[in-house]
Each structure stands twice: as structure tokens, then as C-alpha cells.
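Each remark here refers to the structure printed beneath this line.
Just the heavy atoms: all of them, side chains too, but no hydrogens, waters or symmetry mates, feed the values below. Please read all numbers here as calculations on a predicted model, not as lab measurements.
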Amino acid sequence: MSDESMISTSLDPARREKTLAETFVLLADTLVDDYDIVDLLDQLVASCVNLLGVTAAGLLLDDQRGNLAVVASSDESTRLLEIFQLQTNEGPCLDCVRTGSAVSSDDLHDDHERWPRFVPAAVDAGFRSVVAVPLRLRDQTIGGLNLFHARPEPIPGDDRRLAQALADVATIGILQRRSTHRTTQLAEQLQHALSSRVAIEQAKGVLAERSNVGMDEAFGILRGYARTHNLKLTDVALAVVRGELDIGVPPVA
């Protein structure tokens with residue numbers, strides 16, 4: 001059996017197929033219903049980790065005014081690494097957004113000259129390989145999806161194509177409300193997404209301090225509350241930051 005035909009995730013085939021179908025339904029719902037962009041992209045990166053067997057995932061979004069920002073990540077260390085890419089103006093996701101094409105490294109140790117500052121930071125974070133795929137519709141690229149792996153090995157071709165398909169559907173969902181003034185409306189929409197991300201990070205900090213937990217667990221509390229109560233993640237985050245909502249770690253029974 002070739003590497004590309006192997007399933008790279010620990011999910012059994014039946015469970016993987018069911019999860020994949022649920023993910024595409026979730027992404028397709030953005031075409032016909034109101035949705036929270038930040039929550040959508042957070043679920044996208046979580047689905048990539050779950051479906052593709054990668055260690056972590058992160059996503060950068062362009063506001064069409066020349067600014068990229070981290071909008072979603074599967075964990076806190078990945079978010080910090082994505083921020084580092086932006087600070088140093090170097091890394092696979094940036095190259096992916098600039099070119100509109102997938103960028104990969106099967107072993108980051110072999111690409112030190114390519115990304116001299118990013119590679120040491122990524123290795124220190126526990127990653128040895130990466131694939132970045134664009135959020136792209138035709139000739140318009142609005143972001144990039146980063147897939148990180150702890151092992152120095154290629155992500156199978158089928159999984160790369162699946163990651164691109166997920167990114168494509170998410171991109172269509174983001175852009176589907178465009179009008180004749182597409183660029184202006186898109187910029188406003190993406191700027192709102194970036195502002196929402198700020199509110200979520202602030203809420204994570206509030207919950208982490210209040211409940212004495214890590215940032216990843218704080219985000220899990222925030223997202224869990226939003227889903228349990230059928231609320232938008234951004235609305236819950238804003239309520240926490242404003243002191244209008246008091247949530248935390250459930251008491252031990």
C-alpha cells in the first residue's frame with residue numbers, strides 16, 4: 001500500500017467518513033445561514049487535526065488592506081507560532097498567501113535557509129513538517145491554512161487535497177455575501193472577524209485567570225458554553241469581557 005493511500009489519522013475509516021461528512025455539512029451551512037466567521041474557522045482547524053492526523057493547525061486571514069492576522073488555531077502554542085510568522089514576515093503560510101499556492105516542507109531541518117527564523121521557532125514548538133494551503137477562490141486569496149506535524153514526514157497527497165477542499169468550501173462561505181462592492185464589503189467582513197478574534201483572546205485571558213486554567217482549556221470552556229447554549233462564539237466572548245456573563249470550570253460532582 002502506498003503512503004498516499006494510507007489513512008494518516010487514528011480515526012477508523014467509518015468514523016472518519018462520518019466526521020468528514022459532518023464537517024462539509026457544517027461548512028456548507030454558511031452558504032445559506034447566518035454564521036460566525038471566527039467560530040467557523042476555529043471548527044475548520046479542529047476538523048483538520050481530527051481528520052488528517054496532523055499535530056496542529058492554524059489559519060491566517062487577510063483583511064484585503066494588506067494586513068494578515070491569526071484568526072484560528074488548534075492550540076495556544078500554534079497561535080503563538082503563527083503570530084511569530086507575522087512578526088518576522090517569514091514562513092510557509094505567508095508564502096502560501098503571497099503566491100496563492102500550497103507550500104510544504106517534509107522536514108523543516110532541511111529548510112533552514114528557506115525560513116531561517118521560522119524553522120527554529122517551529123522546531124522548538126515541537127513541529128518537524130508543515131503544509132500550508134491557500135484560502136482561495138479563483139484569483140483571489142484571502143488567507144492560508146497551516147497544517148503542522150510533529151514528525152518529519154510528508155502529509156499524504158489525499159490528505160493534502162482534502163485540506164484544500166475544506167479550505168475552498170470555507171472560502172466560499174466567507175465570500176458568499178459579496179455584492180457589486182465586493183472588495184469593500186469583504187474588507188469590512190474580515191475586519192470584523194479579526195476584531196472578533198481579539199475579543200475571544202481577551203475572554204480566554206479572563207477565564208484563564210478566573211478559573212486558574214491554561215489558555216487552551218479556557219478556550220474549550222468558552223466554545224463549550226457557546227455550543228451548549230446555541231450562541232455565537234464572539235457574542236459569548238464579548239459578554240465575558242464586558243462582565244455580563246460569568247462562566248468557568250464546572251464544579252466537580
Side-chain angles (χ1 to χ4, degrees), residues 1-13 15-28 40-62 68 70-75 78 81-82 85 90-111 114-115 118-119 122-123 125-175:
M1 181 182 295
S2 69
D3 288 342
E4 294 204 359
S5 65
M6 294 176 63
I7 294 175
S8 62
T9 173
S10 58
L11 290 177
D12 64 82
R15 177 59 182 163
R16 186 179 194 238
E17 183 176 350
K18 181 175 184 294
T19 302
L20 178 58
E22 291 171 347
T23 301
F24 273 112
V25 169
L26 170 70
L27 294 172
L40 167 73
L41 298 180
D42 271 317
Q43 293 187 62
L44 172 60
V45 297
S47 295
C48 285
V49 173
N50 194 24
L51 287 166
L52 306 180
V54 295
T55 305
L59 192 144
L60 300 181
L61 202 60
D62 186 356
L68 281 171
V70 182
V71 179
S73 61
S74 59
D75 55 53
T78 306
L81 182 59
E82 297 283 34
Q85 282 196 82
E90 174 189 294
C93 206
L94 293 181
D95 289 352
C96 172
V97 173
R98 289 165 181 157
T99 64
S101 301
V103 174
S104 66
S105 172
D106 295 343
D107 188 344
L108 286 168
H109 282 172
D110 295 334
D111 283 309
R114 189 181 187 186
W115 303 306
F118 171 80
V119 167
V123 172
F127 305 127
R128 287 290 304 277
S129 56
V130 61
V131 170
V133 298
L135 270 69
R136 180 190 62 215
L137 181 64
R138 300 184 182 91
D139 60 349
Q140 183 174 18
T141 301
I142 62 171
L145 172 65
N146 255 350
L147 307 175
F148 298 98
H149 207 301
R151 297 192 297 272
E153 60 186 35
I155 295 177
D158 286 346
D159 283 355
R160 294 192 191 200
R161 287 185 283 274
L162 176 54
Q164 186 64 70
L166 292 170
D168 289 346
V169 176
T171 303
I172 294 171
I174 293 172
L175 297 178

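Inter-residue side-chain proximity for Leu145 and Leu135 is flagged as met; some heavy-atom pair is nearer than 4.5 Å. At least one side-chain heavy atom of Leu94 sits under 4.5 Å from a side-chain heavy atom of Leu60. Pro92 is listed as a side-chain neighbour of Trp115, based on a closest heavy-atom distance under 4.5 Å. In this structure the side chain of Thr171 never reaches within 4.5 angstrom of the side chain of Arg136, judged on heavy atoms. Annotation: side chain of Arg151 is not in contact with side chain of Phe127 (no heavy-atom distance under 4.5 Å). Side-chain contact between Leu44 and Leu166 is present, with at least one heavy-atom pair separated by less than 4.5 Å. Side-chain contact check for Asp168 versus Leu137: every heavy-atom pair is 4.5 Å or farther apart. Between Phe118 and Leu108 there is a side-chain heavy-atom pair separated by less than 4.5 Å.
The shortest heavy-atom contact between Gly144 and Val97 is N-CG2, 3.6 Å. Nearest heavy-atom pair across Val133 and Ala163 is CG2-O, 4.2 Å. Residues Val49 and Thr55 share a closest heavy-atom pair of CG1-O, 4.1 Å.
Using modelled atom types, one side-chain atom of Thr99 and one backbone atom of Ser101 make a donor-acceptor pair closer than 3.5 Å. The main-chain N or O of Pro134 is found under 3.5 Å from a side-chain atom of Gln164 such that the two form a donor-acceptor pair. Gln85 places a side-chain N or O within 3.5 Å of a backbone atom of Cys93 that can act as its donor or acceptor partner.
With 3.5 Å as the limit, one finds a donor-acceptor pair spanning the side chains of Thr78 and Asp75. When only modelled atom types and interatomic distance are considered, Arg128 and His149 share no side-chain donor-acceptor pair under 3.5 Å. Counted by atom type alone, Asp106 and Ser129 present zero donor-acceptor pairs between their side chains at under 3.5 Å.
One finds the OG atom of Ser73 at 10.0 Å from the CZ atom of Phe148 (value rounded to the nearest 0.5 Å). Separation of atoms OG1 (Thr141) and CG (Asp62) is listed at 9.0 Å; rounding is to 0.5 Å. To the nearest 0.5 Å, the span separating CZ on Arg160 from CG on Leu52 amounts to 11.5 Å. Here the CZ-CD1 distance, from Arg161 to Ile155, works out to 12.5 Å after rounding to the nearest 0.5 Å.
Just one residue in the list Val71, Leu59, Asn146 forms a side-chain contact (heavy atoms from CB on, under 4.5 Å) with Glu82, and that residue is Asn146.
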